[in-house]
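Inspection log for the structure reproduced underneath, given as structure tokens.
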Amino acid sequence: MEWKAMLGPVALEQLQANHREQEPLKGTKRKIDFLPVCKLFLLWASATWLVTELDEDGLAFGLADIGHGTPELGYFSLDEIWEVVGPGGLRVERDIHWQAKKPLSQYATESRRSGYIKA
């Protein structure tokens with residue numbers, strides 16, 4: 001789980017806290033529309049993820065765009081994303097300067113219209 005260091009302790013704790021808060025609400029009308037906690041990207045590709053939740057096994061929830069013009073809300077494995085190695089050994093990175101300005105659902109709506117994540 002080397003990706004934990006990439007996320008950093010503050011983001012990691014917030015993602016896990018969001019997961020704990022959301023878990024009993026899933027499948028109900030009380031489900032929370034969190035602000036994304038962090039933005040991940042592949043420097044050498046068009047892949048971007050806005051992450052709102054993370055369980056203890058590395059399963060994350062958020063908005064994912066792997067560069068095919070079809071951003072989707074859903075679950076993805078940070079272990080699997082971390083295993084992707086690009087040119088020169090590059091791996092997924094966190095945009096440390098990015099801060100969410102709106103809830104995940106708004107990013108999703110805009111991204112579906114444009115075909116990519118605008119963040």
Side-chain angles (χ1 to χ4, degrees):
M1 292 192 192
E2 297 176 43
W3 48 261
K4 284 186 176 183
M6 180 254 319
L7 289 177
V10 174
L12 181 61
E13 176 53 37
Q14 184 61 58
L15 289 166
Q16 291 175 333
N18 287 356
H19 170 74
R20 288 189 299 271
E21 188 175 355
Q22 188 79 282
E23 193 62 22
L25 304 175
K26 288 182 180 175
T28 73
K29 292 180 181 183
R30 297 184 358 226
K31 188 173 175 185
I32 303 165
D33 188 12
F34 289 113
L35 291 176
V37 174
C38 59
K39 174 185 173 184
L40 307 178
F41 65 97
L42 298 179
L43 188 62
W44 69 95
S46 298
T48 304
W49 297 266
L50 300 182
V51 190
T52 58
E53 301 171 44
L54 178 67
D55 75 8
E56 60 280 348
D57 297 322
L59 187 63
F61 181 81
L63 181 62
D65 178 5
I66 58 172
H68 297 293
T70 55
E72 295 180 18
L73 287 172
Y75 292 92
F76 42 90
S77 167
L78 290 186
D79 285 325
E80 289 179 10
I81 293 170
W82 184 257
E83 289 176 7
V84 177
V85 180
L90 292 172
R91 294 185 184 268
V92 65
E93 293 188 29
R94 177 179 172 215
D95 184 342
I96 60 171
H97 301 289
W98 183 81
Q99 289 189 349
K101 295 178 174 60
K102 51 196 156 200
L104 186 64
S105 65
Q106 289 182 22
Y107 283 107
T109 299
E110 292 171 3
S111 297
R112 286 186 191 115
R113 276 191 219 124
S114 65
Y116 64 95
I117 295 176
K118 292 182 179 184

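We count residues from 1, following the sequence as given.
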Looking at CG of L78 and CG of D57, how far apart are the two atoms once the value is rounded to the nearest 0.5 Å?
11.5 Å
For the hydrophobic clusters of this structure (ILVMFWY residues joined by side-chain heavy atoms under 4.5 Å, transitively), does one cluster hold both L59 and L15?
no
To the nearest 0.5 Å, how far apart are CG in L40 and CG in D95?
9.5 Å
How far apart are the closest heavy atoms of P36 and A100, and which atoms are they?
O-CB, 3.3 Å
Assigning hydrophobic clusters by single linkage (Ile, Leu, Val, Met, Phe, Trp, Tyr; side-chain heavy-atom cutoff under 4.5 Å), is L35 placed with I32?
no
Where do R20 and E23 land on the salt bridge (Lys or Arg N to Asp or Glu O under 4.0 Å) test, with the steps shown first?
CA-CA 5 Å; R20 288 189 299 271; E23 193 62 22; over 6 Å; no
Excluding sequence neighbours, so at least two apart, what forms ring-ring contact (aromatic ring centres under 6.0 Å, His included) with F61?
Y75
Shared ILVMFWY cluster between V37 and L73, side chains joined below 4.5 angstrom?
no
I need the minimum non-hydrogen distance between A60 and V51, along with the two atoms involved.
CB-CG1, 3.9 Å
Rounded to the nearest 0.5 Å, what separation is found between the CZ atom of F34 and the CG atom of L104?
10.5 Å
Could you check whether any side-chain heavy atom of W82 comes within less than 4.5 Å of a side-chain heavy atom of S77, counting everything from C-beta outward?
no
Please examine the side chains of V92 and W3, heavy atoms only from C-beta on, and report whether any two atoms are closer than 4.5 Å.
no
Among Q14, E21, Q22, which residue meets the side-chain hydrogen bond (donor to acceptor under 3.5 Å, both in side chains) test with N18?
Q14
Does the Y107 side chain pair with the main chain of K101, one donor and one acceptor, at a distance under 3.5 Å?
yes
Closest approach of L50 and I117, non-hydrogen atoms and distance?
CD1-CG2, 3.8 Å
Out of curiosity, R112 CZ to E72 CD, how far, rounded to the nearest 0.5 Å?
8.0 Å
Just by modelled atom types, is the L7 backbone N or O under 3.5 Å from a matching donor or acceptor in the R94 side chain?
yes
Whether T109 side chain and Q106 backbone form a donor-acceptor pair below 3.5 Å:
no
Counting distance only, does the side-chain N/O of D33 pair as donor-acceptor with the main-chain N or O of S105 below 3.5 Å?
yes
Within the 4.5 Å heavy-atom criterion, are V85 and L90 side-chain neighbours or not?
no
Kindly determine whether R91 and V84 satisfy side-chain contact (heavy atoms from CB on, under 4.5 Å), including the steps that lead there.
CA-CA 6 Å; R91 294 185 184 268; V84 177; over 6 Å; no
Close side-chain approach of L63 to W49, heavy-atom, < 4.5 Å:
no
Could you measure the distance from the CG atom of L42 to the CD1 atom of I66? Nearest 0.5 Å is fine.
10.0 Å
Is any side-chain heavy atom of E93 less than 4.5 Å from a side-chain heavy atom of L43?
yes
Determine whether D65 and S111 make a side-chain contact, defined as any pair of heavy atoms from C-beta on separated by less than 4.5 Å.
no
Heavy atoms from other residues, nucleotides or ligands near CD of Q99 exceed 12 (cutoff 6.0 Å):
no
Ion pair check, E110 and K102, cut-off under 4.0 Å:
yes
Is the closest side-chain heavy-atom distance between L12 and L54 below 4.5 Å?
yes
Atom NZ of K31 and atom CG of L25: how far apart are they, to the nearest 0.5 Å?
10.0 Å
